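Below is one structure, written out as structure tokens; the observations come after it.
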Amino acid sequence: MLKYNMKMAWLSIRRRPVLNLLMVMAIGIGIGIFTAAITMVYQGSQTDLPHKSDRLFLVQLDSRNLASEPVDNFNKMIDMTYIDTVNVSQIDYPKSQITFGWLTDQLVNVENKNVMPYRGFSFVTNRAFFSIMDIPFLYGSAWSQEQEISGAPVVVITKARNDLLFNGENSVGKQIRLDDKAVTIVGVIDEWHVRYRFYDRTFMKGLSDDAYLPYRYALDANLSRNARFECWDNTSMRYQSSGTEELLASECGWITVWSLLDSKDDLAEFRNVLDDYVDGQRASGRFPREGGHLLTSLDEVMAYVHNKNVDYQFYFIIGSMFMAACIFSAVGIMLANFMSKTREVCIRRALGAKRKVLIGQYISEVAVVGFIGGVLGIFISFGSLHLMKLKMFHSVGFYADIADLDLLFKLDAVMVGTGIFIAIISSILVSITPILRVCQVKVSRNLTME
Amino acid sequence: MEHLIEIKKIRKVFKTGTVATNALRDVDLTINKGEFVSIKGPSGSGKSTLLNIIGLLEDYESGSYKLDGVEASSLNDDQASELRNEKIGFIFQNFNLIAELSLYDNIEVPLIYRGMTSQERKQRVEESLRLVGLWGRKEHRPDQLSGGQRQRVAIARALAGKPSLILADEPTGNLDSEMAASVMDLLYQINEMGNTIVMVTHDDELASKTQRQIQVTDGVVKQCDTETELLKEQEASYA
Ligand SMILES: Nc1ncnc2c1ncn2[C@@H]1O[C@H](COP(=O)(O)OP(=O)(O)OP(=O)(O)O)[C@@H](O)[C@H]1O
Ligand SMILES: [Mg+2]
């Protein structure tokens, strides 16, 4: 019967091309916009590093003075001081790996005169960053422990920059210049993108780093620090490019610190470790306030960020309204379609079709129409997502890498399936009343008419 | 003789707005298995209505109709559909072919709903299309055929399911006399195989060749069972 129903569906669609085309368009456009909207909502509310986001913790220590406002949310808490960053990363607790960092920028140039110098944004960090963030390497590797400690002038660059500077060839061992300082490439990372820049707490979309620099070298060379400095009562901008020694000894919070625990069951133990550290510091006169540490998992951090994403609620509402409008017009189209089948229904009933068999036949027919509409919708959705991506790319500005936005606008198999499924279901829903109505007509009346 | 159709005191009224048409008035009619009966009467007298009631396509205001011993008014829509599918072949006055389907697909329709395998269906469709001489045009659609050819397709569809009762509404109405004769031959053949046929016709000559003629006038049925009865009537009118 299914085969027969499919054949009848095809013949009927061919017989009423305009009506069915209208229907396919209505469903296609509705589903297209809707799927694009829910894809953005769905992708935008995903958390990066999903397999470890429940055991990767933002570490914040509250070394502020007594006069400061009490806070319980990571977003209002200061970042870490250099003193605590170094101390915490040196605590002997093997179940936790620590990484941290801040942004810097320089004019990048190479010997090759064909490549124009450009302003490159680098993330200053430690070598654990690469393994904690699951960053794949194309050539070479992260800098060594010795290079990190000794402040060796080394750098890891991205694939995109390696393509630009060295035509994609293995550039390990070659040098690039950051402003007037030469650094040696030790590694080139492969494609690596996150939806939001969570690791420096900017949560920007579409902004990737050009390079990664070891923190000791960045401090020794006095590279710029694009961070927010919160120094108890005032915010000091001058630390961006000067006063390094003073900054390193200060109570200014400015470094984003992350801890990856082996298991989230280690959390209580890790809290004790941090409490012990804070107590020790209190003994030497720091940490005047009660409490001391704030640990927020990446899951919790992102839940907070996603919640603030009003854009997505807007997209969802627009998408749903579009869908509703298209479905509304589809009802009219399907009513016209099935009323034109009155005669056929009567003939089939007269020749022995039971009502539910006929209803099944027509539901199969609209499911086919819905499927075609769904496929069209997927194409429309694909196109609109691409446009939205371009729009965001241009609004992010010159420094954006469009590949960084791919994840946020990716129409994956789940979404394709969902889109087509909704297309089929909604075409059945809009047609069910016309179908039931036409299958209810009085058989004889329409058979005797000429 | 076994009764296939037993109609007692059937009344049918069509209401259109405020106008009520008495299409059938207290009709009594009994048809036996294996009979070939013709129904005659002027246009609008109720012939098609009577045929539709016999074919379980139409309900009625009062009276009783038993098809093969089953009271028609006791059947719900789907049961009536099933019974039609199994037992009755329709040749409609206006063919009622499905426009978007090929001849092949049109003839297949009742077989589909009977749940036959595609093998069986193909055999039946081919058999009946060959019978009416249109197998060569099986891929054509009804609107590519002449009126007479469409009539033959309608006949082929009615025969494909090998029903025991054939209800034919003017089956030769659109055919030239030669074609009409061959259709009649076909119906005789089918009748000889034991099938019951009820045929509406305007053509007195065709009607006279059937076993029994029924006259419908203004919704009233007059039985003209035998020639003697007809003669008696004639005599009466001269007296
Ligand atoms: N669905 C209907 N609604 C209203 N009136 C109807 C309907 N069907 C038939 N009638 C009326 O019932 C009467 C009988 O109609 P019917 O079709 O049975 O006549 P007929 O004898 O078959 O005529 P013809 O030889 O022209 O086919 C006519 O007056 C007709 O107008
Ligand atoms: Mg008629």
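In what follows, chains are A, B, ... by sequence order, proteins preceding strands, each numbered from 1. Everything numeric in this text was worked out from a predicted model, so none of it was measured. These values consider heavy atoms only, across backbone and side chains, with no hydrogens, waters or symmetry-generated copies.
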Within the supplied structure, the quantity of interest is the number of heavy atoms (other residues, nucleotides, ligands) at a distance under 6.0 Å from [X] [atom1]; does it exceed 12?
| X | atom1 | answer |
| --- | --- | --- |
| A/F314 | CZ | no |
| A/K442 | NZ | yes |
| A/M25 | CE | no |
| B/H202 | NE2 | yes |
| B/R11 | CZ | no |
| B/K138 | NZ | yes |
| A/K389 | NZ | yes |
| A/M321 | CE | no |

B/F90 versus A/A350, closest heavy-atom pair with distance: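 In this case the closest contact between B/F90 and A/A350 is CE1-O, 3.8 Å.
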
Quick check: closest heavy atoms across B/S81 and A/A353, and the distance to 0.1 Å? OG-O, 3.2 Å

Atom group of [X] that falls short of 4.5 Å from chain A, counting heavy atoms:
| X | value |
| --- | --- |
| B/R157 | side chain |
| B/Q79 | neither |
| B/R121 | neither |
| B/A80 | neither |
| B/L83 | neither |

Please flag which part of [X] lies under 4.5 Å from any non-hydrogen atom of chain B: side chain, backbone, both or neither.
| X | answer |
| --- | --- |
| A/K7 | side chain |
| A/R14 | neither |
| A/Q440 | neither |

To the closest 0.5 Å, what do you measure between [atom1] ([X]) and [atom2] ([Y])?
| X | Y | atom1 | atom2 | result |
| --- | --- | --- | --- | --- |
| A/C346 | B/N96 | SG | CG | 8.5 Å |
| B/Y113 | A/L358 | OH | CG | 4.5 Å |
| B/E100 | A/M8 | CD | CE | 8.0 Å |
| B/I98 | A/I347 | CD1 | CD1 | 5.0 Å |

Can you tell me which of A/E344, A/K3, A/R348 forms the most heavy-atom pairs within a distance under 4.5 Å of chain B?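 Most heavy-atom pairs under 4.5 Å with chain B: A/R348.
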
Is any side-chain heavy atom of [X] closer than 4.5 Å to a side-chain heavy atom of [Y]?
| X | Y | value |
| --- | --- | --- |
| A/L11 | B/L101 | yes |
| A/K354 | B/N85 | no |
| A/Y4 | B/V109 | yes |

Stepwise, does the side chain to side chain contact (heavy atoms under 4.5 Å, CB included) test hold for B/I112 with A/M1? CA-CA 8 Å; B/I112 287 278; A/M1 207 64 191; 3.6 Å; yes

With chain A as the partner, which of B/D105, B/D77, B/T49, B/L56 has the greatest number of non-hydrogen pairs under 4.5 Å?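 Most pairs with chain A among the choices: B/D77.
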
Expected output: side-chain B/R84 to main-chain A/L351 donor-acceptor under 3.5 Å: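 No, B/R84 side chain to A/L351 backbone: no donor-acceptor pair under 3.5 Å.
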
Between A/R349 and B/D78, does at least one N-O distance fall below 4.0 Å, as a salt bridge requires? yes

